[in-house]
Amino acid sequence: AQSVTQLGSHVSVSEGALVLLRCNYSSSVPPYLFWYVQYPNQGLQLLLKYTSAATLVKGINGFEAEFKKSETSFHLTKPSAHMSDAAEYFCAVSTTPSGTYKYIFGTGTRLKVLA
Amino acid sequence: DAGVTQSPTHLIKTRGQQVTLRCSPKSGHDTVSWYQQALGQGPQFIFQYYEEEERQRGNFPDRFSGHQFPNYSSELNVNALLLGDSALYLCASSQNGQTKETQYFGPGTRLLVL
């Protein structure tokens with residue numbers, strides 16, 4: 001069965017500092033991995049996705065993530081945090097076509113950016 | 001290009017009642033998935049509809065049912081509401097339901113059961 005673990009339910013960084021949000025996955029087949037952001041009282045917006053092409057994936061708003069099979073990780077980073085990055089971030093895994101069609105989400109990490 | 005739309009935005013019901021939530025997919029998308037997001041949790045998959053049929057179902061009771069119409073829009077029905085059904089219900093659309101295809105989410109319907 002597939003699963004996602006997000007370490008740290010809350011992360012605080014100073015404005016301009018590095019953002020690192022952690023995501024580890026478990027999957028018996030090659031996974032597709034996604035990062036979504038959710039602003040208060042809104043739906044989910046896709047930041048980036050990994051679908052077995054390049055292992056370093058660049059997304060919107062300056063975010064990127066690196067797929068590391070040996071570590072079963074897909075951590076999200078941004079070199080310099082901005083106040084507008086404050087939101088909840090969700091990592092999700094989806095399996096290849098021989099499996100399910102659903103996304104399995106982690107429990108989320110709430111990012112706080114300090115002025 | 002309109003994205004995924006959901007209605008209503010908010011809903012208040014009492015225990016035992018029934019509720020219907022609606023979703024219109026993004027233009028060009030034919031697959032609709034529904035998720036339940038409880039407060040402080042990640043979204044949980046309820047089911048997915050493709051070609052007007054339920055193709056995959058998560059770990060939700062039969063009180064949760066759905067429908068997809070020929071225009072690809074979808075409804076989520078919940079019968080005999082429980083307090084624990086209070087959550088944000090998210091609809092997501094995609095093309096052909098392929099797992100690598102991005103699911104685009106709507107703003108959600110916030111359901112409160114009293």
- Ring centre gap for A/Y25 and A/F74 strictly below 6.0 Å: no

- Task: Examine distances only and state if a side-chain atom of B/R63 and a backbone atom of B/A80 form a donor-acceptor pair shorter than 3.5 Å.
- Result: yes

- Note on the structure: When the 4.5 angstrom heavy-atom criterion is applied to A/L44 and chain B, the contacting part is both

- Could you check whether the rings of B/F105 and B/Y35 sit parallel, tilted or perpendicular, using 30° and 60° as the cut-offs? tilted

- If one checks every heavy atom of A/Y50 against chain B at 4.5 Å, the contacting part turns out to be neither

- Message: Would B/K26 and B/Y104 count as a cation-pi pair here, with the cationic atom under 6.0 angstrom from the ring centre and within 45° of the axis?
- Response: yes

Side chains of residues 36-47 of chain B: which donor-acceptor partners sit under 3.5 Å, not counting sequence neighbours?
from	atom 1	to	atom 2	distance (Å)
B/Q36	NE2	B/Y89	OH	2.9
B/Q37	OE1	A/Q38	NE2	3.0
B/Q37	NE2	A/Q38	OE1	3.0
B/Q37	NE2	B/Q41	O	3.1

- Within residues 106-114 of chain B, the residues sitting under 4.5 Å from chain A by heavy atom, in sequence order, are B/G106, B/P107, B/R110

- Query: Will you find, in the side chains of A/T55 and A/K68, an N or O donor that is under 3.5 Å from an N or O acceptor?
  - Reply: no

- Just by modelled atom types, is the B/C91 backbone N or O under 3.5 Å from a matching donor or acceptor in the B/Q6 side chain? yes

